[in-house]
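Note sheet for the following structure.
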Amino acid sequence: EGNNMFALDLYAKLRSQGGNLFVSPYSISTALVMTHAGARGRTASQMAQVLHFPAMVGQTAESSPPGRDQRQFASAYGQIIEDLNKRGEKGAYTLNVANALWGQKGYGFLEEFLELVRTNYGGRLNEVDFIGASEGACKTINAWVEKQTKGKIKDLIPAGVLDSMTRLVLTNAIYFKGNWARQFKKDQTQDAPFVLADGRKIETPMMNQTAQFGYAETETLQGLELPYVDRELSMIILLPKEPDGLSKLEEALTAENLSQWLARLNSREVVVSVPKFKVTTQFSLASVLKSMGMTDAFSDGADFSGMDGKKDLFISAVIHKAYVLLPGQLDYSVL
């Protein structure tokens, strides 16, 4: 529930950007939850509020070990990651959530912090040399991300982001590939008009089929559920009825409304026509997260003393890159 709330808050901030938008709020949340494990005081409170994490009452001490509430939260969040990975190993679809920490060798991170992240989030510390070989460290991290996303997310870290002052990089990569429970047949894919957000029409390959799907309808939108094999996961499509209705739909996209729309999905015969598409997007999210209330984490006033016992660390960048290929493949990565 909290992640959905963060997802829609973030979407409200990003939707004003031009062009297509593809983002994985869960991937962003998972990367930042590892950072949050080392946050203390007001820095931790701001992060928890923006990410809609439960309040952490055990984080008042500057550099003390994580409190009981924080450990319970880390354990609960870690169980979500573990559950997703176990489900993804069963064979019906491929789903992998991977985390890693990249720290300056010999820096001296607190063992309590490393143990919390390693035990609950599977994020093991990899020592690299930012001081003497920041370019090499960048290549190493980018290679890990590319491997975890089966080659779909390349060059996550642009040149110049890491330098000799970098001390710690936290990465998350999610890879998903699944087949529809009801496959679209190739011989039923045909070029047809597709209406863009500005009302213009273009010709594009449209996948077509008529079958039983979860369907809902309001005065302003249509909702469709396309399940993947085993029906544990599904893609939800929300389509405004008016050609220029996307903006109004986005304005109405709240956690409460989304829950109500999903609750109205009922199985019925639906004539489905969906475009094939591929989208890659990349965001630098520092300014967006600051505008949402996470201000201290990006300033000299940041308190990440839970990482090293000092107040000398802060977040310099949050980079998110996402790739989607329809049908069936999604990749996300966060630095």
Side-chain angles (χ1 to χ4, degrees), residues 1-17 21 23-63 66-67 69-70 73-74 76-77 80-81 99 101-102 113 116-117 120-121 123 156-158 161-162 165-172 174 253-255 281-308 310-322 332-335:
E1 181 181 351
N3 191 65
N4 284 343
M5 295 173 70
F6 167 64
L8 296 174
D9 287 350
L10 180 66
Y11 186 84
K13 291 288 186 180
L14 295 176
R15 69 182 182 88
S16 61
Q17 302 185 23
L21 168 62
V23 62
S24 171
Y26 175 72
S27 184
I28 297 166
S29 176
T30 302
L32 289 173
V33 75
M34 294 189 293
T35 315
H36 177 265
R40 297 292 182 268
R42 194 172 71 172
T43 302
S45 297
Q46 289 179 354
M47 294 186 72
Q49 183 176 3
V50 170
L51 297 165
H52 292 277
F53 292 160
M56 300 295 153
V57 298
Q59 299 191 102
T60 54
E62 291 186 358
S63 58
D69 285 0
Q70 188 176 12
F73 169 70
Y77 201 110
I80 297 174
I81 298 174
N99 297 311
L101 286 76
W102 312 85
F113 166 70
L116 184 73
V117 174
N120 297 285
Y121 306 130
L156 172 67
I157 309 175
V161 171
L162 306 183
M165 297 300 294
T166 303
R167 293 298 176 264
L168 179 66
V169 169
L170 302 95
T171 52
N172 165 264
I174 301 179
L253 192 57
T254 64
T281 56
Q282 182 160 340
F283 303 97
S284 181
L285 294 173
S287 61
V288 174
L289 292 169
K290 285 192 286 185
S291 73
M292 295 171 69
M294 195 187 298
T295 55
D296 286 13
F298 297 92
S299 72
D300 291 338
D303 185 354
F304 289 107
S305 53
M307 294 184 182
D308 63 352
K310 300 171 285 185
K311 292 185 179 181
D312 57 352
L313 297 175
F314 64 92
I315 301 175
S316 59
V318 176
I319 302 169
H320 178 54
K321 192 169 185 177
Y332 325 100
S333 193
V334 175
L335 159 69

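Numbering starts at 1 and runs along the sequence shown.
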Do L168 and D308 pass the side-chain contact (heavy atoms from CB on, under 4.5 Å) test, and can you show the C-alpha distance, the side-chain angles, and the key distance before you say yes or no? CA-CA 11 Å; L168 179 66; D308 63 352; over 6 Å; no
CA sep, side-chain torsions, deciding dist, call: R167, D312, side-chain contact (heavy atoms from CB on, under 4.5 Å): CA-CA 10 Å; R167 293 298 176 264; D312 57 352; over 6 Å; no
Report yes or no: does [X] contribute a side-chain atom to a donor-acceptor pair with the main-chain N or O of [Y] at less than 3.5 Å?
X	Y	value
S45	G41	yes
T30	Y26	yes
Q282	H320	no

Using 0.5 Å steps for rounding, measure from the [atom1] atom of [X] to the [atom2] atom of [Y].
X	Y	atom1	atom2	result
W102	L162	CH2	CG	11.5 Å
M292	S287	CE	OG	11.5 Å
H36	L116	NE2	CG	10.5 Å
F6	L51	CZ	CG	5.0 Å

Can you find a heavy atom in the side chain of [X] that is under 4.5 Å from one in the side chain of [Y]?
X	Y	result
T281	V23	no
D296	F304	no
L10	F283	no

By salt bridge (charged side-chain N to carboxylate O under 4.0 Å, His left out), D9 pairs with (sequence neighbours left out) none
If you look at every heavy atom in [X] and [Y], which pair is closest and at what distance?
X	Y	answer
L156	I319	O-CG2, 3.7 Å
L101	F113	CD2-CE2, 3.7 Å
N120	A74	CB-O, 3.4 Å

Could you walk me through whether L170 and N99 satisfy the side-chain contact (heavy atoms from CB on, under 4.5 Å) test, starting with their C-alpha distance in whole Å, then the side-chain angles of each, then the deciding distance to 0.1 Å, before giving a yes or no? CA-CA 8 Å; L170 302 95; N99 297 311; over 6 Å; no
Centre-to-centre under 6.0 Å for F73 and F53, is that the case here? yes
Checking S27 against N172: is there a side-chain donor and acceptor pair closer than 3.5 Å? yes
Between R40 and D303, does any side-chain N to carboxylate O distance fall below 4.0 Å? no
May I have all residue pairs that pass salt bridge (charged side-chain N to carboxylate O under 4.0 Å, His left out) and include part of residues 23-34, sequence neighbours excluded? none
